[in-house]
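Structure first, then comments.
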Amino acid sequence: MFSTLSSLQPRQFLTQILNFALVLSTAFMLWKGLSVATDSPSPIVVVLSGSMEPAFQRGDLLFLWNRGLDTQIGEVVVYNVKGKDIPIVHRVVRRFGGGEQPLKLLTKGDNNLADDTELYARGQDYLERSQDIIGSVVGYVPFVGYVTILLSEHPWLKTVMLGLMGVMVVLQRE
């Protein structure tokens with residue numbers, strides 16, 4: 001491996017580094033483009049728990065859309081709770097307001113016994129559509145998100161994966 005590294009010309013090495021940077025910047029631009037198109041800060045999320053079974057399983061990759069603000073009962077939404085980092089995927093079970101009043105929603109996981117009022121921020125009894133909802137689920141791919149779950153549960157895998165990607169970029173000759 002080290003003989004391969006030493007045989008690379010500085011120009012070849014720089015080209016490989018620039019190609020790697022191009023791949024990363026392209027991925028970032030695609031993410032930002034999706035965010036703008038869907039009007040969602042996170043247009044793709046992974047289901048992290050079993051609270052939505054049987055509709056969605058742990059590890060399912062969900063695609064979100066946030067352009068239609070008239071959320072209906074039965075719709076699956078992803079929301080953020082003030083003070084918590086991880087978004088929650090649950091179904092709308094009640095609507096309040098709408099029209100000139102701000103639309104307020106109550107959610108519940110399909111596999112949960114009670115609604116989500118215990119999950120909301122202190123003093124919050126409902127979600128405000130315009131402030132708390134990241135988007136509505138419009139599609140999904142089963143189990144593809146397990147890679148994300150593995151990387152978050154085993155941080156050392158991130159280092160191994162990035163190291164392997166770096167070695168592949170350096171060793172690639174084209």
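Quick note: residue numbers are just sequence positions, from 1.
The shortest side-chain heavy-atom distance between E128 and Y126 falls under the 4.5 Å cut-off. Side-chain atoms of R58 and L48, non-hydrogen and from C-beta on, never get closer than 4.5 Å to each other. At least one side-chain heavy atom of Y146 sits under 4.5 Å from a side-chain heavy atom of I149. Using a 4.5 Å heavy-atom cutoff, the side chains of Q57 and V47 are not in contact.
Here CG of L127 is found 13.5 Å from CZ of R95. Values are rounded to the nearest 0.5 Å. Distance check, rounded to the nearest 0.5 Å: OG of S35 to CE of M29 gives 13.5 Å. Separating the CG atom in L151 from the OG1 atom in T159 is a distance of 10.0 Å, to the nearest 0.5 Å. Taking CD of Q72 as the start and CG of L105 as the end, the distance is 10.0 Å to the nearest 0.5 Å.
Side chain of N66 to main chain of D39: a donor-acceptor pair is present (N/O by atom type, distance under 3.5 Å, no hydrogens or angles). Remark: the backbone N or O of G74 is paired with a side-chain donor or acceptor of R91 at under 3.5 angstrom.
For K84, the NZ atom is densely surrounded, since the number of other residues' heavy atoms within 6.0 Å is greater than 12. For CG of L162, the number of neighbouring non-hydrogen atoms (other residues, nucleotides, ligands) closer than 6.0 Å is greater than 12. Residue Q101 qualifies as open at atom CD: its count of foreign heavy atoms under 6.0 Å is 12 or below.
Hydrophobic clustering keeps F56 apart from V138 (ILVMFWY residues linked when any side-chain heavy atoms are closer than 4.5 Å, directly or through intermediates). Side-chain heavy atoms closer than 4.5 Å link hydrophobic residues (I, L, V, M, F, W, Y) into clusters, and following such links, possibly through other members, connects L150 to V160. I134 and W65 are assigned to two separate hydrophobic clusters, defined by single-linkage of ILVMFWY side chains at heavy-atom distances under 4.5 Å. Note on F63: it clusters hydrophobically with V144, by side-chain heavy-atom contacts below 4.5 Å among ILVMFWY residues. Hydrophobic clustering (side-chain heavy atoms under 4.5 Å, transitive across Ile, Leu, Val, Met, Phe, Trp, Tyr) groups V92 together with I88.
Members clustered with L14: L18, by chain and number, using a 4.5 Å side-chain heavy-atom cutoff among hydrophobic residues.
Residues that satisfy the salt bridge (Lys or Arg N to Asp or Glu O under 4.0 Å) test with D132, not counting sequence neighbours, are K82.
When all heavy atoms of L34 and P43 are compared, the closest pair comes out as CB-CG, 3.7 Å. Nearest approach of L64 to S40, heavy atoms of both residues: CD1-OG, 4.3 Å. Nearest approach of P142 to D60, heavy atoms of both residues: CA-OD1, 3.2 Å. Across all their heavy atoms, V89 and S51 have their closest contact at O-OG, 4.2 Å. Closest non-hydrogen pair, W31 versus I44, comes out as CH2-O, 3.5 Å. Residues S136 and V77 approach most closely at OG-CG1, 3.8 Å, considering heavy atoms.
The pair R129-E75 does not count as a salt bridge, with every side-chain nitrogen at least 4.0 angstrom from each carboxylate oxygen.
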Quick one, R67 with T38, criterion side-chain contact (heavy atoms from CB on, under 4.5 Å). Give me CA distance, side-chain angles, the key distance, then yes/no.
CA-CA 6 Å; R67 292 221 173 258; T38 62; 5.9 Å; no

Donor-acceptor contacts under 3.5 Å from residues 115-122 side chains, at least two apart:
unit_1	atom_1	unit_2	atom_2	d
D115	OD1	T117	N	3.1
D115	OD1	T117	OG1	2.8
D116	OD1	H90	ND1	3.0
D116	OD2	Y79	OH	2.8
D116	OD2	H90	ND1	2.6
D116	OD2	T107	OG1	2.6
Y120	OH	T107	N	2.9
Y120	OH	T107	OG1	2.8

